[in-house]
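This report concerns only the one structure given below.
All values below come from the heavy atoms of this structure, side chains included, with hydrogens, waters and symmetry mates left out. Read the numbers this way: they start at 1 and go in the same order the structure lists the ligands and their atoms. One is the number of the first residue; the rest follow in order along the sequence.
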Amino acid sequence: MTQDELKQATARAAIDYISPRLEADSIVGVGTGSTANFFIDYLAEVKGQFDGTVASSEASAERLKAHGIPVYELNSVDGIQFYVDGADETNPALELIKGGGAALTREKIVAACAEEFICIADDSKWVDTLGSFPLPVEVIPMARSLVARELVKLGGDPVYRQGVITDNGNAILDVYNLKIERPTALEDAINNITGVVTNGIFAKRPADVLLLGTSTGVKTIT
Ligand code: 5RP
């Protein structure tokens, strides 16, 4: 199977997972990226079964609206039943690296609101130890050099993601060469650097369920 076919299979599995549990007033949080895009396309098939969505990016909001799926502001909903999103890496504890699509801050906010966070990923994302994928860090633009120097002190090699401005108007530093043995501690340490908006380690709020697309089928890992 191609990587896209694996992504499609895991996105389809997410629909199969949530659709029996959806109710007329359910709100679904929707992530960002190519796997999330497949999920959005399949979600359109069941759009009569729930109230609407909260999107983690402008791009996902546009795709949802194009399918006629209602998109709400997070501040106008009482809660989110499911959050479905991809990842750049996942370890066996379902701690993630996210933010390859620069949407990490809104993704982390929506995940924090969700009763259940379902990660959908192909098996190229499965790792024992996080950190092979460069860790995205969203920073306030004027603090970019300050934050970069602090990230070097933590053992990383930050690289400015040229030409990318997040939906929040900020910059992204991608941090190479981090071997993330203690994800929660590093998530806290980086978030404590002045000028950091958030970083792409999702360990304090990991996924609850991973639907991992493999050549022998989609595995459900909790
Ligand atoms: C966007 C993300 C994505 O979930 C992550 O980059 C995975 O993307 P894809 O499904 O295209 O592989 O965190 O900020």
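The cationic atom of R21 (NZ for Lys, CZ for Arg) does not lie both less than 6.0 Å from the six-membered ring centre of F82 and within 45° of the ring axis. Seen from the ring of F202, K98 counts as a face-on cation partner, given the 6.0 Å and 45° thresholds.
Here is the list of ligand 1 atoms found below 4.0 Å of a heavy atom in K98: 2 (C), 3 (C), 4 (O), 13 (O). Every atom of ligand 1 is numbered from 1 in the order shown, and the set under 4.0 Å from a heavy atom of T35 is 9 (P), 10 (O). Less than 4.0 angstrom separates some heavy atom of G99 from each of these atoms of ligand 1: 2 (C), 13 (O), 14 (O). Counting atoms of ligand 1 from 1 in the listed order, those under 4.0 Å from a heavy atom of G86 are 4 (O). Proximity to A102 (heavy-atom distance under 4.0 Å) selects the following atoms of ligand 1: 14 (O). Taking a cut-off of under 4.0 Å to the non-hydrogen atoms of D85, the atoms of ligand 1 that pass are 4 (O). Of all the atoms in ligand 1, the ones that sit under 4.0 Å from a non-hydrogen atom of A103 are 14 (O). Taking every heavy atom of G100 and a limit of under 4.0 angstrom, the matching atoms of ligand 1 come to 6 (O), 13 (O), 14 (O).
Ionic pairing of E45 and R12 is present here: one or more N-O contacts between side-chain nitrogen and carboxylate oxygen are shorter than 4.0 angstrom. For R106 and E58, the salt-bridge test passes: some basic side-chain N is under 4.0 Å from an acidic carboxylate O.
Separating the CD atom in E115 from the CD1 atom in I27 is a distance of 11.0 Å, to the nearest 0.5 Å. Taking OG1 from T129 and CD from E89, the interatomic distance works out to 9.5 Å, rounded to the nearest 0.5 Å.
Of the protein's non-hydrogen atoms, D88 OD1, 3.1 Å is the one closest to atom 5 (C) of ligand 1. With respect to atom 9 (P) of ligand 1, the closest heavy atom belonging to the protein is S34 OG, 3.3 Å. Considering only non-hydrogen protein atoms, atom 12 (O) of ligand 1 sits nearest to K125 NZ, 2.8 Å. The closest protein non-hydrogen atom to atom 3 (C) of ligand 1 is T32 O, 3.2 Å. At the shortest separation from atom 1 (C) of ligand 1 among protein heavy atoms lies E107 OE2, 3.1 Å.
Contacts between A121 and ligand 1, counted as non-hydrogen atom pairs separated by less than 4.0 Å, are absent for every part of the residue. Using a 4.0 Å cut-off between heavy atoms, A87 contacts ligand 1 through its backbone alone, with no side-chain atom that close.
Criterion: ILVMFWY side-chain heavy atoms under 4.5 Å apart, direct or through other members. Under it, L6 and W126 are not part of a common hydrophobic cluster.
With hydrogens and angles ignored, the 3.5 Å screen pairs no side-chain donor or acceptor of Q49 with any backbone N or O of L22.
Considering all non-hydrogen atoms of both residues, A11 and I120 come closest at CA-CD1, 4.2 Å. Residue L96 comes nearest to C119 through the heavy atom pair CD2-SG, 4.1 Å, listed as atom of the first residue, atom of the second, then distance. Between L212 and D122, the shortest heavy-atom distance links the atoms CD1-O, 3.7 Å.
Looking at ligand 1, you won't find any N or O of A36 less than 3.5 Å from one of its N or O atoms. Note: no N/O pair closer than 3.5 Å links G33 and ligand 1 by distance alone.
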